[in-house]
*Asks:* 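Before anything else, here's the structure in question.
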Amino acid sequence: MTDHTTDPTRLTDLTARRLLAGYERGDFSPLDATRAVLDRIEVVQPQVNAFVRVDAEAALAQAEASTARWRGREPRGLLDGVPVSVKDIFLQRGSPTLRGSRTVRAGGAWDEDAPAVARLREHGAVLVGKTTTPEFGWKGVTDSPLSGVTRNPYDPSRTSGGSSGGSAAAVALGAGPLSIGTDGGGSVRIPASFCGIFGFKPTYGRVPLYPSSPFGTLAHAGPMTRDAADAALLMDVISGADWRDWSQLAPAPSLSAALTEGAGAGGAGTGGAGTGGASGVKGLRIAYSPTFGNQVAVRPEVASAVRRAVGRLAELGAYIEEADPDITDPVEAFHTLWFSGAARLVEPFGAEQRELLDPGLREIVAAGERYSALDYLAAVDARMELGRRFGRFHESYDLLVTPTLPITAFEAGRETPRGSGQRRWTGWTPFTYPFNLTQQPAASVPCGVDGDGLPIGVQLVAARHADALVLRAAHALYESGAVPRLPVPRSGATPAGS
């Protein structure tokens, strides 16, 4: 086996696209890459606790089959031989999906793939393992009664964020270049920001989901990757149609092609103000809202990094205007919908099962059980009005740029920063959950680090269905060199506890 610790190609550092190019040239094989990733998982798992399950035997068998296909010049699909991890919210055939909960039994057939996982198999991806989640994905950090605490790759005493924190940590640490996560209030973008990777929440329905989320149409599935180009490639795979999700959108043009062609980005029909063409962000009208109109207190180091990213967009030819959307914090409407979903989720549970739940989850379940149908419908009304306001906003602006989060990663094992006075995770995620209410595409792009070396993210948001525009703008930042090349954490970190 190749010694990848001295191999100059550093297989665990390569993007999916670079792996595929290497397979094509015969520089290395899917088996080489998969062995390197499995070796890497062995090193990083004690440090950050990113995985709940790794099936090395199955992954190596898939990699061997892929290697044979590449040898015969007959690769299957867009991701043949690329190691991918899957958040333990998605069903995966042959692997228990426990969703971070002691209430889910591991026994049984587990004979069905979620739509996104089924598409990965069809395209030849190598499924290396399932990543951690808080219980049922209920909060913006990743710890659970079942699998313990998932930690930040840049400082294991800090949180990875959540709820897709295991996926973010895995990608950041080179334990596979691609992962799929879920985002119901920021759960892809939050850990992407804290862990210094790219995370994309597409328009609701672009990636089919089955089973449906207990949190309803707040929940999206999306890619977590090293850069925007890999995310577009992964989207071209996981957005494939699946009859089990009646709310899926109609098939769309290739998002990978749109990165350079500008297909479907901006202009008439997307709510955008300009066409953008094939030139990155040149000519786009971008609204920069640093604090949502002084509604959010943003840490100065975060504000400075985000402002630099905005300046880079201006250098690339975008028209920048500091402008705030005409909104107030929709947190109460979000809580009504989110807590009600949690209550519905555990409604069948008996007293003994409820005692096994995360105490914080029990609290929001109790709150959700107090809401009436009229309360829920009032929250739906507030959601519709928020969507209308953002729709009007995007008549004037192609993109909205904000910080992904107002802070960097805080102490692991906590739902909120110590001393913040905040009760729930939504207190420190005011830039993310509004766009689950409105179902808009949004991405987090790394844009710097704070004084402790912790990553900072900038958020790009577009009108519904303008997924290509978000990815194209993010890709322009990567191609321009504006995204800092954060060092991949290696070893020597404090072991992750539970």
Side-chain angles (χ1 to χ4, degrees), residues 47-49 132-135 137-145 148-165 168-169 185-187 189-196 290-307 328-332 334-335 338-339 342 357-367 402-434 444 446-459 493-498:
Q47 300 170 19
V48 297
N49 188 33
T132 53
T133 177
E135 192 161 28
W138 80 270
K139 60 183 175 181
V141 294
T142 301
D143 58 70
S144 76
V149 178
T150 298
R151 299 173 181 271
N152 192 288
Y154 290 88
D155 180 350
S157 72
R158 312 290 183 106
T159 180
S160 64
S163 62
S164 306
S187 290
R189 292 159 290 153
I190 293 165
S193 181
F194 277 180
C195 294
T291 60
F292 272 172
N294 294 318
Q295 294 185 66
V296 182
V298 177
R299 191 169 294 172
E301 289 175 299
V302 172
S304 296
V306 172
R307 189 174 292 276
T328 55
D329 187 357
V331 69
E332 292 306 320
F334 181 83
H335 280 172
W338 192 255
F339 297 176
L357 295 174
D358 181 330
L361 177 56
R362 285 203 302 269
E363 289 177 8
I364 72 164
V365 165
T402 74
T404 305
L405 298 166
I407 60 175
T408 53
F410 53 89
E411 182 182 348
R414 296 184 54 86
E415 184 183 346
T416 60
R418 189 180 298 275
S420 67
Q422 295 160 345
R423 178 63 178 156
R424 297 266 78 100
W425 61 271
T426 44
W428 51 270
T429 61
F431 293 113
T432 60
Y433 57 77
S444 181
C447 65
V449 295
D450 69 6
D452 293 324
L454 296 169
I456 296 167
V458 58
Q459 180 174 233
T494 302
S498 58

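A quick note: this is a predicted structure, and the numbers were derived from the prediction, not measured.
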*Asks:* Restricting to salt bridge (charged side-chain N to carboxylate O under 4.0 Å, His left out), what partner residues turn up for Asp452, sequence neighbours left out?
*Replies:*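 Applying salt bridge (charged side-chain N to carboxylate O under 4.0 Å, His left out) to Asp452 gives Arg158.
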*Asks:* Could you list the residues that satisfy side-chain contact (heavy atoms from CB on, under 4.5 Å) with Ala168, not counting sequence neighbours?
*Replies:*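 Only Pro191, Cys195, Ile197, Met224 meet the side-chain contact (heavy atoms from CB on, under 4.5 Å) criterion with Ala168.
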*Asks:* Should the pair Arg418-Glu411 be classified as a salt bridge under the 4.0 Å nitrogen-to-oxygen rule?
*Replies:*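 Looking at Glu411 together with Arg418, the answer is yes, because their closest N to O distance falls below 4.0 Å.
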*Asks:* Of all the heavy-atom pairs spanning Thr150 and Ala169, show the shortest one and how long it is.
*Replies:*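 Result for this residue pair: CG2-CB, 4.5 Å.
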*Asks:* Given side chains that start at C-beta, do those of Asp329 and Phe292 come closer than 4.5 Å, heavy atoms only?
*Replies:*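 The answer is no; the side chains never approach within 4.5 Å.
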*Asks:* What is the minimum heavy-atom distance between Gly162 and Thr142, and which atoms define it?
*Replies:*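 For Gly162 and Thr142, the tightest heavy-atom pair comes out as CA-OG1, 3.3 Å.
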*Asks:* Apply side-chain hydrogen bond (donor to acceptor under 3.5 Å, both in side chains) to Ser304 and list each qualifying residue two or more places apart in sequence or on a separate chain.
*Replies:*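 Partners of Ser304 by the side-chain hydrogen bond (donor to acceptor under 3.5 Å, both in side chains) criterion come out as none, since no residue qualifies.
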*Asks:* Please round to the nearest 0.5 Å and tell me the distance separating atom OG1 of Thr426 and atom CD of Glu332.
*Replies:*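 The CD atom of Glu332 is 8.5 Å from OG1 of Thr426, to the nearest 0.5 Å.
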*Asks:* Is it true that a side-chain atom of Thr291 and a backbone atom of Val296 form a donor plus acceptor pair closer than 3.5 Å?
*Replies:*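 Here the side-chain-to-backbone pair does not exist.
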*Asks:* Quick one: side-chain hydrogen bond (donor to acceptor under 3.5 Å, both in side chains) partners of Thr328, sequence neighbours excluded?
*Replies:*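 side-chain hydrogen bond (donor to acceptor under 3.5 Å, both in side chains) check on Thr328 returns nothing, list empty.
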*Asks:* Roughly how far, to the nearest 0.5 Å, is the CZ atom of Arg424 from the CZ atom of Phe339?
*Replies:*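 Reported to 0.5 Å precision, the distance equals 6.0 Å.
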*Asks:* Is there a side-chain contact between Pro406 and Val302 (heavy atoms, below 4.5 Å)?
*Replies:*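 With C-beta onward as the side chain, the pair stays apart.
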*Asks:* List the steps and the verdict of side chain to side chain contact (heavy atoms under 4.5 Å, CB included) for Thr404 and Phe431.
*Replies:* CA-CA 6 Å; Thr404 305; Phe431 293 113; over 6 Å; no
*Asks:* Measure the spacing between OG of Ser444 and CG of Leu405 and express it to the nearest 0.5 Å.
*Replies:*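 The CG atom of Leu405 is 7.0 Å from OG of Ser444, to the nearest 0.5 Å.
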*Asks:* With no hydrogens and no angle check, just 3.5 Å: does a side-chain donor-acceptor pair link Gln459 and Thr402?
*Replies:*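 Result is yes, a qualifying pair exists.
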*Asks:* Between Trp338 and Tyr433, is the ring-ring contact (aromatic ring centres under 6.0 Å, His included) condition met? List the steps.
*Replies:* CA-CA 10 Å; Trp338 192 255; Tyr433 57 77; 9.9 Å; no
*Asks:* Between atom CD of Glu415 and atom CD of Glu363, what is the distance when rounded to the nearest 0.5 Å?
*Replies:*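 Separation between the atoms: 8.0 Å.
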*Asks:* Nearest 0.5 Å please: distance from the CD atom of Glu135 over to the CG atom of Leu357.
*Replies:*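 Answer rounded to 0.5 Å: 4.5 Å.
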*Asks:* Tell me, do Trp428 and Pro417 make a side-chain contact under 4.5 Å, heavy atoms counted?
*Replies:*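 Result yes, sub-4.5 Å side-chain heavy-atom pair found.
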*Asks:* Please lay out, stage by stage, how Cys447 and Val306 fare under the test side chain to side chain contact (heavy atoms under 4.5 Å, CB included).
*Replies:* CA-CA 6 Å; Cys447 65; Val306 172; 4.1 Å; yes
*Asks:* Side-chain contact, heavy-atom cut-off 4.5 Å: Asp143 with Asp358?
*Replies:*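 Asp143 reaches Asp358 side chain to side chain.
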*Asks:* Identify, with sequence neighbours excluded, every residue that meets side-chain hydrogen bond (donor to acceptor under 3.5 Å, both in side chains) alongside Thr416.
*Replies:*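 With neighbours one apart ignored, the set is empty.
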*Asks:* Taking all heavy atoms of Ala409 and all of Leu454, pick out the closest pair and write down the distance.
*Replies:*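 The answer is O-CD1, 3.6 Å.
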*Asks:* Test of understanding: with side-chain hydrogen bond (donor to acceptor under 3.5 Å, both in side chains), list the residues that count as partners of Thr408, not counting sequence neighbours.
*Replies:*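 Here the qualifying residues are Arg299, Asp450.
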*Asks:* Which heavy-atom pair separates Gly185 from Trp425 by the least distance, and what is that distance?
*Replies:*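 Nearest heavy atoms, Gly185 then Trp425: O-CZ3, 3.8 Å.
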*Asks:* Report the distance from atom OG of Ser163 to atom NZ of Lys139, rounding to the nearest 0.5 Å.
*Replies:*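 If I round to the nearest 0.5 Å, the distance is 10.5 Å.
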*Asks:* Side chain to side chain contact (heavy atoms under 4.5 Å, CB included), that's the test. Do Thr159 and Phe194 meet it? Break it down for me.
*Replies:* CA-CA 8 Å; Thr159 180; Phe194 277 180; 3.8 Å; yes
